[in-house]
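Naming convention: chains lettered A, B, ... in sequence-line order (proteins, then strands); numbering from 1 in each chain.
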Amino acid sequence: MTRKRYEMGILENALPEYAVFSRLDRLISWARENSIAYLTMDLACCGVEMLQVSGGRFDIERFGSVPQVSPRHADLMIVAGTITYKMAPLLRRLYGEMPLPKYVLSMGSCSNCGGLFSWEYSYSSVSGADKIIPVDVFVPGCPPRPEAVLHGLLALRKRIASRHAAVREEAPGEWGKERAVK
Amino acid sequence: MTADLERISPFAAWLFSFFGVRVPAWIMVLTAVSIYGFFVILPQLAALGYLDRKLGADIQMRIGPNRVGPAGLFQGIADALKLLFKQDARPGSAGMAFRFAPILVLCVLFLAVGSIPVSKDWALSSVDSGLAHLLAALLLSRFFLFWSAYSANNPWSALSAFRILAHVSFYLLPLAVAFLPPVLVSGSIDMGGILSSQGGWPWRWTLFHDPGALIGGLVFFGAMHIWQCRAPFDFTSAESEISGGAWSEYSGARKGLVSVIEFAGLYLSCGLFAVLYLGGGNVPFGLDSFGRAASLVHFTALTIKIFALAAVSIWARWSLPRLCAGQVVSFSWKVLLPFGIVSVLSTALWMALAAGKSFAEALGA
């Protein structure tokens, strides 16, 4: 099965590689990296730290990022916390409802690899968000400090800037094949 | 023909009075509408958006956007560009109205915004029925809002749609009552007439005409806030209960339209309050006593008033918790409506007893 990764949406490969379009490309990337609205997926205790990021001390809005409650309004999903088997289908569904282009930031050990609740120890949780949705940035920590999440956001900005909005990239990894089953 | 055009759209007549060209009237009106929309209204809406974010951040002891341009000034441009190049997702079960309803809301709001006169020359549309036209536009915009929410075919949006319908009954009576004191004072339901009956100094504003009008002004500002559906009255789009409500399914460029609609509502409520009660673009000291370009002075004065009012509105928005529907309706019917009726009656009584003189004139005499 050829899985089409809708990384950059309908613009992908839509424009020929002319200098004018490369400037347009740069402009679109600039807009995208400077206005990342994120969907707050606070699944567990990491969620509290994620809320801190938009608070007064760390203020993620400096980078133009605002929290959103509707997946339709979001560009980035911050998965913060343990993904239980009960929550996993909803996570996938919400990811599917986000409009393209969309990014995922996995925050904390639980959503990076299962952490304390990985398959070795727990019967009820998914060992990492990348088992069910493609993840762009992993932020380690249990939970990560808000600074670490901001660093993750900066890494995501670099990732968006380094890509071309209008040129197709190489095939992505087989992220979706391995389902959340033991 | 110029006289007719001046009666329909003073702004178009003013604009083309600088050029000696003869073009059909519809081209003049179309040009005037485009110029007014894109170069007069839209920059102000963007500035309101920026003010909202920065002031809100300040109230929450944050910094707010500061990475894009000096002090984050270009944040709105980045947001708009991003939304333009995002997928415009539509739920498969959504109806046709889903696509067109936000555009219709914006059109109807622009009808109302265009009828706010900046000065005698600068009014995009001059409607004889004035306030009746305005009230109709305010209500119709909520109807299309209901349409957009209901057609999304999403439980949260449907709940929001019913709340929007219920919401009309909340603000309608106080709003309609609070439209009356300026009408009583100026003796006209035409916006231009109400504007020209006021002067530049505060004691010549409708707000300070008499005690009844003062109460009426406060009721009007409150009722327009309930109409706007912004916090603390945003139970129609509460993100904590119904996940964004009416707008929860919109993405991409239509999400951008939603932001424009929100700030057009803010602009409209502040602009109406400024024109009906705060003397609009009138300036003291005869600052506007030079030629046709004096409209720019009026425009500056009105803009300052609108932004000062918007700052108050944003202050309320970021510092007050959201009221639930029952609290809004009791605020509206038990506080705003009785005060509104009192204001209308006492303004009428004042006009009869003081023979139309304002409070300041009565003191002077």
Side-chain angles (χ1 to χ4, degrees), chain A residues 6-12 14-15 24-37 39-40 51-76 93-103 150 153-154 157 160 164-166, chain B residues 49-50 52-54 56-69 71-92 94 98 152 154 156-157 160 237-256 258-259:
Chain A
Y6 291 105
E7 190 60 57
M8 287 297 171
I10 50 167
L11 276 176
E12 197 172 35
L15 304 174
L24 180 66
D25 210 88
R26 188 72 206 88
L27 184 71
I28 298 171
S29 296
W30 170 83
R32 281 179 181 164
E33 75 188 75
N34 278 309
S35 164
I36 302 174
L39 179 68
T40 53
L51 298 182
Q52 276 297 311
V53 177
S54 61
R57 195 173 284 260
F58 299 100
D59 192 17
I60 202 169
E61 207 191 350
R62 286 175 296 155
F63 304 97
S65 292
V66 283
Q68 298 287 353
V69 286
S70 171
R72 299 274 188 214
H73 302 167
D75 310 301
L76 166 70
R93 181 176 170 173
L94 286 171
Y95 178 76
E97 282 177 350
M98 284 163 64
L100 311 165
K102 48 192 172 184
Y103 315 99
L150 285 180
L153 183 86
L154 293 181
R157 280 162 63 102
I160 296 171
H164 300 286
Chain B
Y50 176 73
D52 187 41
R53 290 185 81 158
K54 281 304 243 191
D58 200 48
I59 287 168
Q60 294 188 335
M61 297 177 74
R62 293 187 285 116
I63 299 168
N66 70 347
R67 289 298 195 275
V68 195
L73 264 177
F74 303 142
Q75 185 63 50
I77 298 174
D79 285 348
L81 264 178
K82 176 206 79 173
L83 287 172
L84 272 181
F85 289 105
K86 242 179 122 58
Q87 183 194 12
D88 186 7
R90 187 172 75 106
F98 183 80
N154 163 338
W156 312 125
S157 299
S160 167
S237 57
E239 64 264 16
S240 54
E241 306 158 27
I242 51 174
S243 167
W247 305 124
S248 65
E249 286 286 354
Y250 285 94
S251 60
R254 281 185 177 74
K255 172 71 173 57
V258 168
S259 308

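A:S65 contributes a side-chain N or O that, together with a main-chain N or O of A:I36, makes up a donor-acceptor pair within less than 3.5 Å.
Using a 4.5 Å cut-off between heavy atoms, B:Q60 touches chain A through its backbone atoms (N, CA, C, O) alone. Interface remark: A:A74 contributes backbone atoms only to the contact with chain B (heavy atom separation under 4.5 Å).
By number of non-hydrogen pairs under 4.5 angstrom with chain B, the leading residue of A:P71, A:S54, A:G64 is A:G64. Note on B:A89, B:S251, B:G64: by heavy-atom pairs under 4.5 Å with chain A, the leading option is B:G64.
Between B:K86 and A:D75 a salt bridge is recorded (basic side-chain N to carboxylate O distance below 4.0 Å).
Tested against A:E61 for a salt bridge (Lys or Arg N to Asp or Glu O under 4.0 Å), the candidates B:R62, B:R67, B:K54 yield a single pass: B:R62.
Residue-environment remark: CH2 (B:W156) stays at or below the threshold of 12 foreign heavy atoms within 6.0 Å.
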